[in-house]
Amino acid sequence: MTPIVPIAEFANHVGQEVTVRGWLYNKTGKGRLQFLQVRDGSGIAQCVIFEKDVAPEVFEAAKSITQESSLAVTGVVRQDDRAPGVPGGYELGVAALSIIQTAEPYPIQPKEHGVEFLEDNRHLWVRSSRQWAILRVRATLIKIIRDWLDGHGYLLVDTPIISANAGEESSTLFGLDFFGEQAYLAQTGQLYNEANIMSFGKVYCFGPTFRAEKSKTRRHLAEFWMVEPEMAFFDLDDLMAMEEQFVSSVIQTALTERRVELEYLERDTSRLQKITPPFPRISYDEALALLAEIRENTDDPEQKALLALEWGSDFGSPHETAIAESFEKPVFVYHYPTACKAFYMTPVAGRPEVCRSVDLLAPEGYGEITGGSERIHDLAILEERVKEIGIDPAAYNWYLDLRRYGTVPHAGFGLGVERLVAWVCGLPHVRETVPYARRMTRLYP
RNA sequence: UCCUCAGUAGCUCAAUCGGCAGAGCAACCGGCUGUUAACCGGUGGGUUCUAGGUUCAAGUCCUAGCUGAGGAGCCA
(Lines give C-alpha, C1' and ligand atoms only; values in the text may rest on other atoms or scores of the structure.)
Protein backbone atom coordinates (compact mmCIF):
# COMPACT_ATOMS: atom_id res chain seq x y z
CA MET A 1 0.00 0.00 0.00
CA THR A 2 1.30 3.42 -0.93
CA PRO A 3 0.77 6.16 1.63
CA ILE A 4 -2.25 8.44 1.26
CA VAL A 5 -0.84 11.97 1.08
CA PRO A 6 -2.71 15.31 1.13
CA ILE A 7 -2.10 17.37 -2.00
CA ALA A 8 -1.10 20.29 0.24
CA GLU A 9 1.96 18.23 1.31
CA PHE A 10 3.15 17.21 -2.16
CA ALA A 11 6.29 19.33 -1.77
CA ASN A 12 7.50 16.94 0.95
CA HIS A 13 6.97 13.82 -1.20
CA VAL A 14 8.77 14.58 -4.48
CA GLY A 15 10.00 11.35 -6.06
CA GLN A 16 7.80 9.16 -3.87
CA GLU A 17 4.87 7.06 -4.92
CA VAL A 18 1.68 8.23 -3.16
CA THR A 19 -2.08 7.84 -3.38
CA VAL A 20 -4.55 10.72 -3.56
CA ARG A 21 -8.22 10.19 -2.84
CA GLY A 22 -10.68 12.84 -3.96
CA TRP A 23 -12.79 14.20 -6.78
CA LEU A 24 -12.16 15.12 -10.39
CA TYR A 25 -12.18 18.93 -10.54
CA ASN A 26 -11.48 19.32 -14.24
CA LYS A 27 -10.01 17.39 -17.10
CA THR A 28 -8.31 18.10 -20.38
CA GLY A 29 -7.10 15.50 -22.83
CA LYS A 30 -4.48 15.50 -25.57
CA GLY A 31 -5.09 12.14 -27.19
CA ARG A 32 -2.66 9.69 -25.65
CA LEU A 33 -2.06 12.10 -22.80
CA GLN A 34 -4.70 13.01 -20.20
CA PHE A 35 -4.56 15.72 -17.55
CA LEU A 36 -6.81 15.21 -14.55
CA GLN A 37 -7.15 17.99 -12.00
CA VAL A 38 -7.93 16.20 -8.77
CA ARG A 39 -8.92 17.87 -5.51
CA ASP A 40 -8.78 16.15 -2.14
CA GLY A 41 -9.92 18.86 0.26
CA SER A 42 -6.39 20.05 1.01
CA GLY A 43 -5.62 21.30 -2.49
CA ILE A 44 -5.87 20.69 -6.22
CA ALA A 45 -3.24 18.74 -8.14
CA GLN A 46 -2.76 17.91 -11.78
CA CYS A 47 -2.45 14.18 -12.43
CA VAL A 48 -0.84 13.22 -15.74
CA ILE A 49 -1.60 9.97 -17.53
CA PHE A 50 0.34 8.74 -20.56
CA GLU A 51 -1.35 5.93 -22.46
CA LYS A 52 1.88 3.91 -22.66
CA ASP A 53 2.45 4.05 -18.90
CA VAL A 54 -0.78 2.42 -17.73
CA ALA A 55 -3.02 -0.56 -18.44
CA PRO A 56 -5.45 0.00 -21.36
CA GLU A 57 -8.51 -0.12 -19.09
CA VAL A 58 -6.96 2.50 -16.78
CA PHE A 59 -6.35 4.86 -19.71
CA GLU A 60 -9.86 4.23 -21.00
CA ALA A 61 -11.22 5.09 -17.53
CA ALA A 62 -9.17 8.30 -17.44
CA LYS A 63 -10.55 9.36 -20.83
CA SER A 64 -14.17 8.76 -19.93
CA ILE A 65 -14.22 9.95 -16.31
CA THR A 66 -16.70 12.76 -15.67
CA GLN A 67 -16.33 15.99 -13.68
CA GLU A 68 -16.71 15.50 -9.90
CA SER A 69 -16.44 11.71 -10.06
CA SER A 70 -14.88 10.34 -6.89
CA LEU A 71 -11.62 8.50 -7.38
CA ALA A 72 -8.26 7.35 -6.07
CA VAL A 73 -5.04 7.86 -8.04
CA THR A 74 -1.60 6.46 -7.34
CA GLY A 75 1.65 7.69 -8.82
CA VAL A 76 4.94 9.44 -8.28
CA VAL A 77 5.00 13.12 -7.18
CA ARG A 78 7.19 15.33 -9.33
CA GLN A 79 8.00 19.00 -9.42
CA ASP A 80 6.95 20.77 -12.62
CA ASP A 81 6.49 24.51 -13.02
CA ARG A 82 3.84 23.91 -15.69
CA ALA A 83 1.54 22.14 -13.24
CA PRO A 84 -1.52 24.18 -12.29
CA GLY A 85 -3.39 23.71 -9.04
CA VAL A 86 -3.46 24.81 -5.43
CA PRO A 87 -0.72 25.21 -4.34
CA GLY A 88 0.51 24.14 -7.81
CA GLY A 89 4.00 23.46 -9.11
CA TYR A 90 3.76 19.73 -8.33
CA GLU A 91 1.95 17.00 -10.20
CA LEU A 92 1.31 13.28 -10.02
CA GLY A 93 2.56 10.90 -12.73
CA VAL A 94 -0.28 8.39 -12.61
CA ALA A 95 0.39 4.64 -12.48
CA ALA A 96 -3.02 3.48 -11.26
CA LEU A 97 -6.51 4.93 -11.14
CA SER A 98 -9.70 3.63 -9.59
CA ILE A 99 -13.06 5.32 -9.91
CA ILE A 100 -15.26 5.14 -6.83
CA GLN A 101 -18.34 6.61 -8.49
CA THR A 102 -18.84 8.08 -11.95
CA ALA A 103 -20.64 11.38 -11.42
CA GLU A 104 -23.73 12.31 -13.41
CA PRO A 105 -23.30 15.39 -15.66
CA TYR A 106 -22.25 18.11 -13.24
CA PRO A 107 -24.18 21.39 -13.35
CA ILE A 108 -21.37 23.76 -12.34
CA GLN A 109 -18.68 24.33 -14.94
CA PRO A 110 -15.37 26.09 -14.45
CA LYS A 111 -16.75 29.25 -16.07
CA GLU A 112 -19.02 32.20 -15.30
CA HIS A 113 -22.41 31.50 -13.76
CA GLY A 114 -25.19 33.68 -12.43
CA VAL A 115 -25.50 34.17 -8.67
CA GLU A 116 -29.00 32.69 -8.43
CA PHE A 117 -27.93 29.50 -10.16
CA LEU A 118 -24.85 29.20 -7.97
CA GLU A 119 -26.82 29.75 -4.77
CA ASP A 120 -29.43 27.21 -5.85
CA ASN A 121 -26.49 24.82 -6.14
CA ARG A 122 -24.65 25.98 -3.04
CA HIS A 123 -24.27 22.38 -1.85
CA LEU A 124 -22.15 21.80 -4.96
CA TRP A 125 -20.76 25.33 -5.27
CA VAL A 126 -18.80 24.85 -2.01
CA ARG A 127 -16.59 22.44 -4.01
CA SER A 128 -15.48 25.20 -6.39
CA SER A 129 -11.92 26.27 -5.71
CA ARG A 130 -12.85 29.89 -5.13
CA GLN A 131 -15.43 28.96 -2.51
CA TRP A 132 -13.05 26.42 -1.06
CA ALA A 133 -10.44 29.15 -0.62
CA ILE A 134 -12.89 31.64 0.93
CA LEU A 135 -14.29 29.17 3.45
CA ARG A 136 -10.79 28.16 4.49
CA VAL A 137 -9.96 31.82 5.10
CA ARG A 138 -13.20 32.12 7.10
CA ALA A 139 -12.35 29.12 9.30
CA THR A 140 -8.87 30.49 9.90
CA LEU A 141 -10.13 33.97 10.78
CA ILE A 142 -12.49 32.44 13.35
CA LYS A 143 -9.65 30.42 14.82
CA ILE A 144 -7.34 33.46 14.97
CA ILE A 145 -10.05 35.54 16.64
CA ARG A 146 -10.57 32.90 19.30
CA ASP A 147 -6.84 32.30 19.78
CA TRP A 148 -6.19 36.02 20.24
CA LEU A 149 -8.96 36.45 22.79
CA ASP A 150 -8.11 33.24 24.64
CA GLY A 151 -4.48 34.38 24.74
CA HIS A 152 -5.35 37.81 26.15
CA GLY A 153 -7.34 36.76 29.19
CA TYR A 154 -10.80 36.57 27.64
CA LEU A 155 -13.09 33.69 28.51
CA LEU A 156 -15.53 32.24 25.99
CA VAL A 157 -18.93 32.32 27.71
CA ASP A 158 -21.82 31.25 25.51
CA THR A 159 -24.98 33.31 25.46
CA PRO A 160 -28.45 32.02 24.62
CA ILE A 161 -29.76 31.97 21.08
CA ILE A 162 -33.38 31.70 22.19
CA SER A 163 -34.23 34.85 24.05
CA ALA A 164 -37.26 36.36 25.79
CA ASN A 165 -36.19 39.97 25.35
CA ALA A 166 -38.45 41.76 22.95
CA GLY A 167 -36.59 44.94 23.83
CA GLU A 168 -35.26 47.44 21.40
CA GLU A 169 -36.18 46.54 17.88
CA SER A 170 -38.81 43.82 17.89
CA SER A 171 -39.47 44.37 14.20
CA THR A 172 -36.02 43.04 13.36
CA LEU A 173 -36.34 39.89 15.47
CA PHE A 174 -37.32 36.45 14.27
CA GLY A 175 -40.06 35.24 16.56
CA LEU A 176 -40.69 31.67 17.60
CA ASP A 177 -43.08 29.76 19.80
CA PHE A 178 -41.32 28.65 22.97
CA PHE A 179 -43.74 26.21 24.63
CA GLY A 180 -46.54 28.69 24.22
CA GLU A 181 -44.52 31.76 25.09
CA GLN A 182 -43.30 34.35 22.59
CA ALA A 183 -39.55 34.04 22.16
CA TYR A 184 -37.01 35.43 19.71
CA LEU A 185 -33.80 34.43 18.02
CA ALA A 186 -30.95 36.43 19.53
CA GLN A 187 -29.74 39.60 17.84
CA THR A 188 -26.82 39.92 20.21
CA GLY A 189 -25.35 38.26 23.28
CA GLN A 190 -24.21 41.56 24.71
CA LEU A 191 -26.65 41.94 27.61
CA TYR A 192 -25.65 38.47 28.84
CA ASN A 193 -21.99 39.37 28.32
CA GLU A 194 -22.52 42.26 30.72
CA ALA A 195 -23.72 39.79 33.34
CA ASN A 196 -20.81 37.45 32.65
CA ILE A 197 -18.02 40.03 33.01
CA MET A 198 -19.07 40.47 36.64
CA SER A 199 -17.98 36.87 37.10
CA PHE A 200 -15.04 36.57 34.69
CA GLY A 201 -13.76 40.11 34.04
CA LYS A 202 -13.18 39.78 30.30
CA VAL A 203 -15.44 37.56 28.22
CA TYR A 204 -16.61 37.03 24.68
CA CYS A 205 -19.45 35.24 23.02
CA PHE A 206 -19.18 33.87 19.52
CA GLY A 207 -22.19 32.59 17.70
CA PRO A 208 -24.87 33.10 15.10
CA THR A 209 -27.16 36.10 15.43
CA PHE A 210 -30.38 36.82 13.61
CA ARG A 211 -31.89 39.91 12.07
CA ALA A 212 -35.27 39.91 10.37
CA GLU A 213 -34.47 43.17 8.56
CA LYS A 214 -35.64 43.13 4.96
CA SER A 215 -32.20 44.13 3.78
CA LYS A 216 -31.17 43.38 0.23
CA THR A 217 -27.59 44.54 0.05
CA ARG A 218 -24.13 43.09 -0.34
CA ARG A 219 -23.45 43.54 3.37
CA HIS A 220 -26.49 41.91 5.00
CA LEU A 221 -27.49 38.41 6.03
CA ALA A 222 -30.49 37.26 8.07
CA GLU A 223 -28.22 34.88 9.96
CA PHE A 224 -24.66 35.99 10.59
CA TRP A 225 -21.85 35.25 13.00
CA MET A 226 -20.64 37.78 15.47
CA VAL A 227 -17.91 37.84 18.08
CA GLU A 228 -18.70 40.12 21.00
CA PRO A 229 -15.98 40.84 23.59
CA GLU A 230 -17.05 42.63 26.77
CA MET A 231 -14.64 43.98 29.38
CA ALA A 232 -15.09 45.12 32.97
CA PHE A 233 -13.26 48.32 33.98
CA PHE A 234 -12.86 49.43 30.33
CA ASP A 235 -13.61 52.94 29.13
CA LEU A 236 -13.94 54.13 25.54
CA ASP A 237 -10.19 54.71 25.14
CA ASP A 238 -9.39 51.24 26.49
CA LEU A 239 -11.93 49.86 24.05
CA MET A 240 -10.38 51.52 21.00
CA ALA A 241 -6.88 50.51 22.07
CA MET A 242 -7.96 46.91 22.43
CA GLU A 243 -9.90 46.86 19.15
CA GLU A 244 -7.00 48.15 17.08
CA GLN A 245 -4.61 45.58 18.55
CA PHE A 246 -7.15 42.82 18.04
CA VAL A 247 -8.19 43.67 14.48
CA SER A 248 -4.59 44.31 13.34
CA SER A 249 -3.37 41.08 14.80
CA VAL A 250 -6.19 39.02 13.31
CA ILE A 251 -5.57 40.43 9.84
CA GLN A 252 -1.79 40.11 9.91
CA THR A 253 -2.00 36.51 11.13
CA ALA A 254 -4.55 35.64 8.44
CA LEU A 255 -2.29 37.09 5.73
CA THR A 256 0.44 34.70 6.84
CA GLU A 257 -1.63 31.61 7.50
CA ARG A 258 -3.79 31.81 4.36
CA ARG A 259 -1.31 33.26 1.90
CA VAL A 260 -1.98 30.53 -0.68
CA GLU A 261 -5.76 30.97 -0.57
CA LEU A 262 -5.58 34.78 -0.75
CA GLU A 263 -3.19 34.48 -3.68
CA TYR A 264 -5.64 32.16 -5.40
CA LEU A 265 -8.41 34.73 -4.78
CA GLU A 266 -6.12 37.34 -6.38
CA ARG A 267 -6.52 39.53 -3.32
CA ASP A 268 -4.25 42.58 -3.41
CA THR A 269 -2.96 42.27 0.15
CA SER A 270 -0.83 45.43 0.10
CA ARG A 271 -3.59 47.47 1.73
CA LEU A 272 -4.20 44.82 4.36
CA GLN A 273 -0.52 44.78 5.25
CA LYS A 274 -0.86 48.41 6.34
CA ILE A 275 -3.47 47.51 8.96
CA THR A 276 -1.36 48.09 12.09
CA PRO A 277 -1.96 50.14 15.25
CA PRO A 278 -2.72 52.92 15.81
CA PHE A 279 -5.91 53.56 13.83
CA PRO A 280 -7.08 57.12 13.21
CA ARG A 281 -9.83 58.34 15.57
CA ILE A 282 -12.35 61.03 14.76
CA SER A 283 -15.48 62.16 16.55
CA TYR A 284 -18.92 62.11 14.96
CA ASP A 285 -18.71 65.92 14.72
CA GLU A 286 -15.36 65.73 12.95
CA ALA A 287 -16.76 63.06 10.63
CA LEU A 288 -19.61 65.40 9.70
CA ALA A 289 -17.11 68.16 8.92
CA LEU A 290 -15.11 65.69 6.84
CA LEU A 291 -18.24 64.73 4.90
CA ALA A 292 -19.02 68.40 4.28
CA GLU A 293 -15.50 68.86 2.94
CA ILE A 294 -15.83 65.83 0.66
CA ARG A 295 -19.14 67.24 -0.62
CA GLU A 296 -17.42 70.57 -1.36
CA ASN A 297 -14.76 68.87 -3.40
CA THR A 298 -16.95 66.62 -5.50
CA ASP A 299 -18.42 67.67 -8.83
CA ASP A 300 -20.75 64.70 -8.98
CA PRO A 301 -24.23 66.02 -8.12
CA GLU A 302 -25.44 62.50 -7.27
CA GLN A 303 -22.60 62.05 -4.79
CA LYS A 304 -23.33 65.49 -3.35
CA ALA A 305 -26.94 64.52 -2.67
CA LEU A 306 -26.00 61.13 -1.21
CA LEU A 307 -23.54 62.66 1.23
CA ALA A 308 -25.94 65.27 2.62
CA LEU A 309 -26.48 64.66 6.33
CA GLU A 310 -27.86 66.63 9.23
CA TRP A 311 -26.45 66.49 12.72
CA GLY A 312 -28.19 63.73 14.67
CA SER A 313 -28.64 61.24 11.84
CA ASP A 314 -26.72 58.01 11.69
CA PHE A 315 -24.37 57.46 8.76
CA GLY A 316 -25.68 55.57 5.79
CA SER A 317 -23.58 53.34 3.62
CA PRO A 318 -22.42 56.16 1.28
CA HIS A 319 -21.27 58.23 4.27
CA GLU A 320 -19.36 55.35 5.82
CA THR A 321 -17.63 54.62 2.52
CA ALA A 322 -16.68 58.26 1.98
CA ILE A 323 -15.29 58.60 5.51
CA ALA A 324 -13.37 55.32 5.32
CA GLU A 325 -11.92 56.22 1.92
CA SER A 326 -10.26 59.25 3.47
CA PHE A 327 -7.97 56.96 5.47
CA GLU A 328 -5.61 54.14 4.62
CA LYS A 329 -6.40 52.22 7.79
CA PRO A 330 -9.70 51.46 9.45
CA VAL A 331 -11.00 54.56 11.20
CA PHE A 332 -12.72 54.87 14.57
CA VAL A 333 -15.70 57.21 14.70
CA TYR A 334 -16.75 57.93 18.28
CA HIS A 335 -19.34 60.00 20.20
CA TYR A 336 -22.35 59.32 18.00
CA PRO A 337 -25.64 61.08 18.76
CA THR A 338 -27.34 59.28 21.62
CA ALA A 339 -30.63 59.22 19.73
CA CYS A 340 -29.35 56.99 16.94
CA LYS A 341 -27.66 54.43 19.20
CA ALA A 342 -28.85 51.78 21.65
CA PHE A 343 -30.33 52.80 25.02
CA TYR A 344 -27.52 51.28 27.12
CA MET A 345 -24.70 53.49 25.78
CA THR A 346 -23.21 55.96 28.24
CA PRO A 347 -24.06 59.63 27.59
CA VAL A 348 -21.04 61.92 27.52
CA ALA A 349 -20.80 63.95 30.75
CA GLY A 350 -22.02 67.48 30.16
CA ARG A 351 -23.13 66.64 26.64
CA PRO A 352 -25.82 63.96 26.87
CA GLU A 353 -26.89 64.37 23.24
CA VAL A 354 -23.85 62.28 22.29
CA CYS A 355 -22.77 58.94 23.77
CA ARG A 356 -19.57 57.05 24.43
CA SER A 357 -19.93 54.82 21.37
CA VAL A 358 -17.45 53.90 18.68
CA ASP A 359 -17.76 52.25 15.28
CA LEU A 360 -14.80 50.98 13.30
CA LEU A 361 -15.13 51.63 9.57
CA ALA A 362 -13.08 49.44 7.27
CA PRO A 363 -11.46 50.79 4.12
CA GLU A 364 -12.18 49.75 0.52
CA GLY A 365 -15.93 50.22 0.99
CA TYR A 366 -16.39 47.42 3.52
CA GLY A 367 -18.08 49.73 5.99
CA GLU A 368 -18.87 49.17 9.63
CA ILE A 369 -16.80 46.23 10.81
CA THR A 370 -17.31 46.69 14.56
CA GLY A 371 -19.71 48.66 16.71
CA GLY A 372 -19.24 49.17 20.42
CA SER A 373 -19.61 51.45 23.38
CA GLU A 374 -19.05 52.14 27.01
CA ARG A 375 -22.21 50.83 28.71
CA ILE A 376 -24.22 52.74 31.27
CA HIS A 377 -23.15 51.36 34.65
CA ASP A 378 -25.13 53.74 36.85
CA LEU A 379 -28.55 52.38 37.86
CA ALA A 380 -30.34 55.74 37.97
CA ILE A 381 -29.14 56.78 34.51
CA LEU A 382 -29.99 53.41 33.00
CA GLU A 383 -33.47 53.43 34.56
CA GLU A 384 -34.03 56.87 33.12
CA ARG A 385 -32.95 55.73 29.66
CA VAL A 386 -35.24 52.70 29.87
CA LYS A 387 -38.11 55.02 30.71
CA GLU A 388 -37.22 57.45 27.90
CA ILE A 389 -37.11 54.71 25.31
CA GLY A 390 -40.40 53.33 26.56
CA ILE A 391 -39.41 49.69 26.96
CA ASP A 392 -40.84 47.49 29.69
CA PRO A 393 -38.52 47.72 32.75
CA ALA A 394 -39.84 44.38 34.02
CA ALA A 395 -38.36 42.57 31.03
CA TYR A 396 -34.99 44.13 31.85
CA ASN A 397 -35.10 43.54 35.57
CA TRP A 398 -32.18 41.11 35.50
CA TYR A 399 -30.18 43.56 33.37
CA LEU A 400 -30.85 46.38 35.85
CA ASP A 401 -29.79 44.02 38.66
CA LEU A 402 -26.25 44.17 37.26
CA ARG A 403 -26.19 47.84 38.28
CA ARG A 404 -27.41 47.00 41.78
CA TYR A 405 -24.77 44.47 42.75
CA GLY A 406 -21.24 45.78 42.39
CA THR A 407 -21.55 47.67 39.12
CA VAL A 408 -18.35 48.83 37.39
CA PRO A 409 -17.58 50.84 34.26
CA HIS A 410 -17.42 48.47 31.30
CA ALA A 411 -17.36 48.40 27.53
CA GLY A 412 -17.59 46.02 24.64
CA PHE A 413 -18.17 45.66 20.93
CA GLY A 414 -19.39 43.30 18.26
CA LEU A 415 -17.51 42.27 15.13
CA GLY A 416 -19.32 40.80 12.14
CA VAL A 417 -17.44 37.76 10.90
CA GLU A 418 -18.88 37.80 7.37
CA ARG A 419 -17.90 41.42 6.80
CA LEU A 420 -14.42 40.65 8.06
CA VAL A 421 -14.12 37.67 5.71
CA ALA A 422 -15.41 39.76 2.78
CA TRP A 423 -12.87 42.46 3.58
CA VAL A 424 -9.90 40.11 3.97
CA CYS A 425 -10.81 38.15 0.82
CA GLY A 426 -11.76 41.27 -1.16
CA LEU A 427 -15.24 39.95 -2.01
CA PRO A 428 -18.04 42.05 -3.43
CA HIS A 429 -20.80 40.31 -1.44
CA VAL A 430 -21.15 38.57 1.95
CA ARG A 431 -23.14 35.71 0.39
CA GLU A 432 -19.88 33.88 -0.37
CA THR A 433 -18.40 34.34 3.11
CA VAL A 434 -20.62 31.81 4.86
CA PRO A 435 -21.18 28.19 3.83
CA TYR A 436 -24.96 28.46 3.50
CA ALA A 437 -26.13 32.06 3.41
CA ARG A 438 -29.50 32.93 4.85
CA ARG A 439 -30.87 36.09 3.30
CA MET A 440 -34.30 37.54 2.71
CA THR A 441 -34.48 35.71 -0.62
CA ARG A 442 -32.44 32.64 0.28
CA LEU A 443 -33.45 29.78 2.58
CA TYR A 444 -32.49 26.78 0.39
CA PRO A 445 -30.32 24.70 0.31
C1' U B 1 -41.27 49.09 2.05
C1' C B 2 -39.19 52.28 -2.02
C1' C B 3 -36.07 53.09 -6.67
C1' U B 4 -33.52 50.86 -11.01
C1' C B 5 -32.60 46.63 -14.01
C1' A B 6 -33.31 41.62 -15.62
C1' G B 7 -35.93 36.64 -16.82
C1' U B 8 -34.69 32.82 -24.19
C1' A B 9 -31.33 25.31 -24.52
C1' G B 10 -28.31 22.17 -18.41
C1' C B 11 -25.02 27.03 -18.04
C1' U B 12 -23.51 32.12 -20.11
C1' C B 13 -25.74 34.98 -23.62
C1' A B 14 -27.50 36.76 -28.89
C1' A B 15 -31.89 37.48 -31.98
C1' U B 16 -31.73 44.67 -36.26
C1' C B 17 -37.95 47.99 -37.59
C1' G B 18 -42.86 43.04 -34.92
C1' G B 19 -41.38 38.57 -40.00
C1' C B 20 -38.32 30.69 -40.09
C1' A B 21 -35.37 30.22 -32.35
C1' G B 22 -29.21 31.16 -32.69
C1' A B 23 -23.95 30.82 -30.72
C1' G B 24 -20.23 29.35 -27.14
C1' C B 25 -19.63 26.05 -23.11
C1' A B 26 -21.52 21.37 -21.01
C1' A B 27 -23.39 16.24 -22.71
C1' C B 28 -22.58 12.37 -26.56
C1' C B 29 -19.25 10.40 -30.99
C1' G B 30 -14.35 10.93 -33.39
C1' G B 31 -9.06 13.16 -33.63
C1' C B 32 -4.64 15.01 -31.11
C1' U B 33 2.00 13.20 -26.09
C1' G B 34 2.29 19.26 -21.98
C1' U B 35 -2.92 20.88 -21.48
C1' U B 36 -3.92 25.52 -18.08
C1' A B 37 -11.96 27.48 -18.55
C1' A B 38 -6.99 23.34 -24.33
C1' C B 39 -7.97 22.84 -29.48
C1' C B 40 -10.28 20.63 -34.27
C1' G B 41 -14.64 17.93 -36.72
C1' G B 42 -19.61 15.93 -35.91
C1' U B 43 -24.61 14.75 -33.14
C1' G B 44 -28.72 15.63 -29.96
C1' G B 45 -30.92 19.58 -27.05
C1' G B 46 -36.50 25.07 -26.63
C1' U B 47 -43.79 25.65 -22.54
C1' U B 48 -38.61 32.35 -24.95
C1' C B 49 -41.01 33.34 -16.29
C1' U B 50 -46.80 33.17 -15.90
C1' A B 51 -51.78 34.90 -17.39
C1' G B 52 -54.34 38.03 -20.47
C1' G B 53 -54.40 41.67 -24.67
C1' U B 54 -53.04 44.21 -29.64
C1' U B 55 -51.70 42.19 -34.59
C1' C B 56 -52.10 38.60 -40.77
C1' A B 57 -47.80 37.62 -37.56
C1' A B 58 -45.17 38.62 -30.62
C1' G B 59 -38.89 36.40 -27.60
C1' U B 60 -39.82 41.55 -29.30
C1' C B 61 -45.46 45.96 -28.26
C1' C B 62 -49.43 46.76 -24.01
C1' U B 63 -51.63 45.30 -18.92
C1' A B 64 -51.27 42.51 -14.46
C1' G B 65 -48.55 39.16 -11.68
C1' C B 66 -44.27 35.96 -10.17
C1' U B 67 -39.02 35.35 -9.45
C1' G B 68 -34.21 37.34 -9.08
C1' A B 69 -30.24 41.12 -8.97
C1' G B 70 -28.18 45.97 -7.56
C1' G B 71 -29.10 50.10 -4.47
C1' A B 72 -31.79 52.96 -0.42
C1' G B 73 -33.49 52.63 4.57
C1' C B 74 -31.59 49.60 8.87
C1' C B 75 -27.38 47.42 10.61
C1' A B 76 -22.42 43.82 11.98
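Per chain, numbering begins at 1; letters A, B, ... match sequence-line order.
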Enquirer: In whole Å, I'd like the distance from the CZ atom of Arg32(A) to the P atom of C32(B).
Expert: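 About 5 Å, once rounded to whole Å.
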
Enquirer: Using a heavy-atom cut-off of under 4.0 Å over every strand shown, decide if Thr441(A) touches base, sugar-phosphate, or nothing.
Expert: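 Sugar-phosphate, backbone atoms only, no base.
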
Enquirer: Return yes if a side-chain donor-acceptor contact under 3.5 Å exists between Arg258(A) and Thr140(A), otherwise no.
Expert: yes

Enquirer: More than 12 foreign heavy atoms under 6.0 Å from CD of Glu388(A): is that the case here?
Expert: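 Result for CD/Glu388(A): enclosed.
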
Enquirer: Just the rounded figure in Å: distance from P of A76(B) to NE2 of His429(A).
Expert: 18 Å

Enquirer: Please tell me if Arg219(A) has a side-chain N or O lying less than 4.0 Å from either OP1 or OP2 of G73(B).
Expert: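 So the side-chain polar atoms of Arg219(A) never come under 4.0 Å of the phosphate oxygens OP1 or OP2 of G73(B).
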
Enquirer: Need the pair for A58(B). Rule: Watson-Crick or G-U wobble, both distances under 3.5 Å, any strand; none if unpaired.
Expert: none

Enquirer: In this structure, which one of Asn193(A), Thr209(A), Thr188(A) forms a side chain to side chain donor-acceptor pair (under 3.5 Å) with Glu228(A)?
Expert: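 Option passing the side chain to side chain donor-acceptor pair (under 3.5 Å) with Glu228(A): Thr188(A).
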
Enquirer: Could you identify the nucleotide paired to U50(B), looking across every strand shown and requiring Watson-Crick or G-U wobble geometry with both distances under 3.5 Å?
Expert: A64(B)

Enquirer: Nearest whole Å is fine: how far is U12(B) P from Gln109(A) CD?
Expert: 9 Å

Enquirer: Look through every strand shown and name the nucleotide pairing with C28(B) as Watson-Crick or G-U wobble, where both distances are under 3.5 Å.
Expert: G42(B)

Enquirer: Could you pick out which residue, Glu418(A) or Glu51(A), lies toward the 5' side of RNA chain B when each is mapped onto its nearest nucleotide?
Expert: Glu51(A)

Enquirer: Report yes or no: is there a donor-acceptor pair, N or O only, under 3.5 Å between the side chain of His113(A) and the base of C11(B)?
Expert: no

Enquirer: Scan Thr370(A) against the nucleic acid and name what it touches under 4.0 Å (heavy atoms): base, sugar-phosphate only, or nothing.
Expert: sugar-phosphate

Enquirer: Can a donor-acceptor pair be found between the side chains of Glu194(A) and Tyr399(A) at a distance below 3.5 Å?
Expert: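 There is such a pair between these side chains.
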
Enquirer: With stacking defined as ring centroids separated by under 5.5 Å and planes differing by under 30°, is Tyr106(A) stacked against A26(B)?
Expert: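 No, Tyr106(A) does not stack on the base of A26(B), since the centre distance and plane angle fail the 5.5 Å and 30° test.
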
Enquirer: Tyr284(A) vs Tyr336(A) aromatic rings, parallel, tilted or perpendicular, using cut-offs 30° and 60°?
Expert: tilted

Enquirer: So what does Glu320(A) hit on the nucleic acid, given a heavy-atom distance under 4.0 Å: a base, only sugar-phosphate, or nothing?
Expert: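 Base contact - Glu320(A) has a heavy atom under 4.0 Å of at least one base atom.
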
Enquirer: For Phe279(A), is the NZ or CZ atom of Lys329(A) found under 6.0 angstrom from the centre of its six-membered ring and inside 45 degrees of the ring axis?
Expert: no

Enquirer: Partner of U4(B) by Watson-Crick or G-U wobble geometry, both contacts under 3.5 Å, or none?
Expert: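 The answer is A69(B), by the H-bond criterion.
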
Enquirer: Figure out the NZ/C1' separation between Lys111(A) and C11(B), and round it to whole Å.
Expert: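 Lys111(A) atom NZ is separated from C11(B) atom C1' by 4 Å.
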
Enquirer: Does any N or O donor sit under 3.5 Å from an N or O acceptor when you compare the side chain of Thr172(A) with the base of C74(B)?
Expert: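 Check fails, no donor-acceptor contact within cut-off.
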
Enquirer: Glu266(A) has an atom CD; how far is it from atom C1' of A37(B), in whole Å?
Expert: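 One finds 13 Å between C1' of A37(B) and CD of Glu266(A), rounded.
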
Enquirer: Please classify the nucleic acid contact of Pro84(A) as base, sugar-phosphate, or nothing, using heavy-atom distances under 4.0 Å.
Expert: base

Enquirer: What is the distance, to the nearest angstrom, from the CD atom on Gln67(A) to the P atom on C28(B)?
Expert: 11 Å

Enquirer: From NZ of Lys63(A) over to P of U35(B), roughly how many Å is that when rounded to an integer?
Expert: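 Those two atoms, NZ and P, are 19 Å apart.
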
Enquirer: How many whole angstroms separate atom CE of Met440(A) from atom C1' of C75(B)?
Expert: 15 Å

Enquirer: Any donor-acceptor pair under 3.5 Å between the side chain of Glu116(A) and the base of U67(B)?
Expert: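 No.
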
Enquirer: Just to be sure I understand the rule, does Arg431(A) reach a base, reach only the sugar-phosphate, or reach nothing, if contact means heavy atoms closer than 4.0 Å?
Expert: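 If one applies the 4.0 Å heavy-atom cut-off, Arg431(A) turns out to touch the sugar-phosphate alone, with no base involved.
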
Enquirer: At under 4.0 Å between heavy atoms, what does Phe117(A) touch on the DNA or RNA strands: base, sugar-phosphate, or nothing?
Expert: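 Sugar-phosphate, no base atom in range.
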
